[in-house]
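Worksheet: one structure, shown below.
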Amino acid sequence: MGSIDVEKLYRRAIDLGAVETEIFYVFSRDISISISDRIEMVETSISRSIGIRVAMGKRVAIVGTQDLRWESLEQAIRSAISIAKTMPEDPSWGGFNHRIGVAGSGGYHDKRTAEASPEDLGLIASTLIRGVTESTGISKPSRGSCGAGYARVEVINPYGGPIAREETRAWVYVYAKARDSGEGSYGDYQLARSIGALRPYELGLRVGSIAKSFVGARAPENGEYDLILSPKIAGSFISTMLSPAISALSVQRERSPLAGKIGSLVASELITIADEGVDPRYLGSRGFDDEGHPTSFNIIIERGILKSYVYDSYTARIDGRESSGNAWRGYSSSPTPAPNHLIIKPGDSRLEEMIRETRKGIYVLSTIGEWLSNPVSGNLNATITNAYLVENGEIRAPINGGVISADFYELIRRKIALVGREIDDLERISAPPMLFTRVRIAGK
Amino acid sequence: MSRSNEREWNDQGLEALSYAIKVAEQLGAGYAEARLHIYQYELVRADNGVLRDYSQTRRAGIGVRVIYNRRIGFASTNSMDREDIREAVLSAISSARVSESEVSLTERPFTKGMASIEVRQDPFSIPPEDKARLVLEVNRSGYGVEGIRSSVTMLGIQRDFRAVISSDSNVSWEVYIVGLSHTSVAGEAGSMERLHDSRSFAGGWENIAGRDWGDFSREISVTAKKALKAPTPPPGKARIVADPDLVGLILHEAFGHASEGDLVMTGTSVLRNKLGSQLASELVTIVDDGMIHGGYPVPYDDEGNRKERTSIVEKGVLKSYLTDRISASRLGVAVTGNGRAQDFESPPIVRQTNIYMEPGDWGFDEMIREAGSGLYLLGRGSGGGQVDTGAGTFTFAAGPSYVIRNGEIGEMVRGVVISGYILETLKGVEAVGRDLVVRTSVFGGCGKDGQLVRVGDGGPHIMIREIIVGGR
């Protein structure tokens with residue numbers, strides 16, 4: 001199950017008159033469970049999707065379909081050809097990716113996760129629920145989920161293929177409420193390649209205890225604070241602001257504040273960031289990217305100096321270089337360059353040391369709305385949902401509310417004071433905790 | 001896709017739904033609901049004067065939801081083969097076996113019906129070269145403004161056909177929506193700013209043809225340039241006047257999500273046990289309406305319920321939650337027809353349709369004068385908002401906005417982000433305007449539990465006493 005003959009489809013496109021064709025095929029199987037204080041619902045979904053990209057000279061069109069009957073696929077090819085013929089030329093078009101191949105030696109796939117049953121996930125969900133309920137006596141999970149996903153991706157174009165990659169992922173998420181004199185709430189998640197690597201009980205315990213500590217949380221006073229960001233928040237902020245800015249497409253189209261800054265100091269010397277495409281320990285890694293180019297490892301910022309952008313084959317050709325294997329796409333859209341998995345190099349401070357060294361600060365565990373920030377102007381904003389006030393080196397009152405506003409580049413250039421050592425993994429970024437000084441918080 | 005292909009799919013799909021129900025019943029399901037979803041999307045994008053993408057998407061498949069031994073399960077397939085459909089039903093049943101939650105659905109009379117919206121000119125029948133030409137023209141018009149470094153224009157066209165069959169429903173509906181969006185990036189001496197805006201319309205190509213889209217993109221560029229020089233507002237609390245676009249966003253985040261019955265029943269919303277409470281000023285009436293002009297048409301939901309007009313808040317008092325059949329049954333309230341699914345791969349969950357505030361009797365100038373000092377916040381260029389319904393905190397971004405000083409509109413400010421509390425913010429509504437604008441978008445929507453659905457929102461201009469404004 002889960003395969004169609006992409007080579008046959010490719011040959012058919014040539015027969016029907018396509019000058020150049022690329023076929024992108026995705027088979028995916030996802031199973032997930034939603035929970036409250038019990039298991040609510042299990043969902044399974046299987047889908048097969050095809051992207052057919054046709055180039056007639058420098059005229060390109062793409063048709064994506066999930067209707068995989070042969071006559072419908074032929075129809076999709078015909079549509080792509082007829083649209084491409086009437087399109088204006090893209091002067092920068094130089095053909096599909098010329099280098100088809102696979103990097104690394106696998107490890108992106110776990111058989112047990114790919115074949116996970118509702119019962120396997122049911123066990124994880126029950127363990128997660130137990131973790132929360134056993135944490136404090138007053139905490140209960142009110143919402144959450146766990147799941148396992150498998151995908152198989154195949155690519156063929158005039159320069160090679162078909163090649164195939166397989167990948168799996170697994171997750172647990174829980175949001176808990178603690179009811180005492182008032183209510184406290186907190187949510188957190190864990191991502192992994194395999195269901196075996198998930199730690200639902202530990203996550204449940206931690207989320208339940210943290211929820212309890214937020215009973216009576218209030219908005220902070222308006223003012224300047226030192227800001228300690230938990231690894232997930234540091235990762236989320238950096239990914240939101242930096243990922244679009246280091247995409248070669250944003251740079252070439254002059255909508256990146258990092259355009260023209262290769263070799264310049266864009267951050268403090270404390271900051272080194274790499275993009276990892278190959279190492280299977282990181283969730284954004286894969287053997288080849290979404291146009292079949294091998295992935296790679298690249299330093300993006302080294303001790304504050306901008307070293308490189310991330311490229312797909314289209315943008316690489318414009319800059320006269322090799323793609324870095326960073327093409328990402330949905331089945332019916334063209335690839336665009338984006339980081340595979342950013343890794344922020346850890347420093348040597350422990351989180352406790354960061355807290356101890358803070359006179360007046362806020363330790364932020366969760367925020368909402370950071371994705372509303374503006375990576376073009378560099379204006380970073382996020383609203384705090386869970387944080388602790390830190391005074392004279394000690395954690396004090398719980399905080400809910402208040403808006404963090406900052407110039408992101410000023411934060412990473414001048415306001416960064418410490419980079420922590422404990423790394424946490426998000427979907428496409430891994431980050432340590434970070435301490436920034438004197439950041440403006442709008443509050444009461 | 002050709003029309004004959006299309007019809008064949010519809011016929012095969014509807015047959016497949018009946019087959020799925022039959023299999024589920026044979027296998028002992030107490031309730032079975034099968035949903036066909038056919039989705040067609042076209043996106044044309046120009047980037048800095050060059051046509052960058054012309055893409056077509058076609059999706060079709062079936063989602064099956066069963067209640068087996070009082071437990072619910074869901075599975076989907078995009079194959080119409082009998083064997084695959086049977087496999088999906090089996091998978092839904094084995095999913096139900098793992099569930100621990102006993103479910104009952106609110107009873108309803110048999111719902112039958114078909115709905116579609118008026119489409120005078122099928123947008124998929126317009127030649128691709130005409131669409132490409134339009135998008136390029138609009139893009140070049142915005143890109144041509146001096147000081148603009150980057151400019152992206154998109155045309156989006158969507159057709160969405162759904163049919164739901166169960167033991168107590170047989171409904172189908174079809175929605176077309178078209179729209180155009182433009183983003184300009186202005187840059188000068190190390191400083192950059194972007195501005196985005198879009199217009200979408202339920203209906204056909206007639207909504208695109210005959211408008212001056214070149215003017216639309218040019219104006220975005222001019223405002224982006226102006227915003228480049230604007231400061232951010234001072235941080236802290238402020239009185240605000242919000243325009244209809246922003247009011248829609250506030251309602252969607254501040255009240256809409258928290259009133260969703262699934263969040264209420266699990267205790268994830270601060271609105272739990274609050275029916276009948278005064279949670280907003282008496283001037284505030286909030287409605288969720290599937291068929292309001294300007295919004296995204298939702299005649300039925302994905303459980304096959306007719307979507308009714310729901311008053312969530314009347315004169316400040318919480319009157320109703322938004323519900324699907326599961327949450328309505330568990331909460332002991334009426335079904336409001338808000339069980340919506342992103343696509344055939346997703347089960348229905350409680351979602352908003354089009355949320356808006358009923359107009360009042362204030363004029364705009366009067367409101368600005370009354371505000372005295374504060375901020376006039378505009379939704380245009382806002383990226384949206386987010387809420388933590390459990391903690392009761394919400395946030396959203398405004399586009400380039402203005403300072404209000406001495407009862408008059410003053411200079412522009414940018415980078416405005418607002419934060420508030422669900423149970424407090426709308427108590428501070430001091431004035432509600434007599435205008436009303438509701439909008440939707442073919443380019444985005446609202447995300448929840450990994451599902452994105454199209455929504456609409458809006459309202460009149462309103463004035464709020466106090467809200468937290470982020471700034472530097």
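Residue numbers start from 1 in every chain, and the chains themselves are labelled A, B, ... in the order their sequence lines are given, proteins ahead of strands.
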Any donor-acceptor pair under 3.5 Å from B:Asp388 side chain to A:Thr385 backbone: no

Best-contacting candidate, B:Pro234, B:Gly236, B:Gly187, against chain A by heavy atom pairs under 4.5 angstrom: B:Gly236

Approximate separation, where rounding is to 0.5 Å, of A:Ser142 OG and B:Arg272 CZ: 9.0 Å

Most contacts with chain B, counted as non-hydrogen pairs under 4.5 angstrom, among A:Val60, A:Val439, A:Asp90, A:Ile83: A:Ile83

Any donor-acceptor pair under 3.5 Å from B:Gln386 side chain to A:Gly369 backbone: yes

Flag side-chain contact, heavy atom, 4.5 Å: A:Val403 against B:Pro235: no

Part of A:Trp93 within contact of chain B (heavy atom distance under 4.5 Å): neither

Partner chain B: residue of A:Leu68, A:Ile404, A:Leu249, A:Ile52 with the largest heavy-atom pair count (under 4.5 Å): A:Leu249

Contact check, side chains of B:Asn48 and A:Gln252, non-hydrogen atoms, under 4.5 Å: no

Polar contact flag, side-chain donor to acceptor under 3.5 angstrom, A:Asn400-B:Thr393: yes

N/O donor-acceptor pair under 3.5 Å between B:Ser99 side chain and A:Glu40 backbone: yes

A:Tyr331, part contacting chain B, at a heavy-atom distance under 4.5 Å: side chain

Check: B:Ser76 and A:Glu43 side chains under 4.5 Å, non-hydrogen atoms: no

Beyond-backbone contact of B:Val44 with A:Met87, side-chain heavy atoms, under 4.5 angstrom: no

Chain B contact via A:Thr367 - which portion, at a heavy-atom distance below 4.5 Å: neither

Distance-only donor-acceptor check, side chains B:Thr57 and A:Ser332, under 3.5 Å: yes

Most chain B-contacting option - heavy-atom pairs closer than 4.5 Å, from A:Ser49, A:Ser36, A:Ala406, A:Ser333: A:Ala406

Engaged part of B:Ala397 at the chain A interface, taking heavy atoms whose separation is under 4.5 Å: both

Residue, of A:Ile441, A:Asp407, A:Ile33, that accumulates the most heavy atom pairs under 4.5 Å with chain B: A:Asp407

B:Glu100 (side chain) donor-acceptor with A:Ile39 (main chain) under 3.5 angstrom: yes

Exercise: do B:Glu193 and A:Asn379 side chains pair donor with acceptor under 3.5 Å: no

Flag, side chain of A:Ser334 to backbone of B:Asp53, donor-acceptor distance under 3.5 Å: no

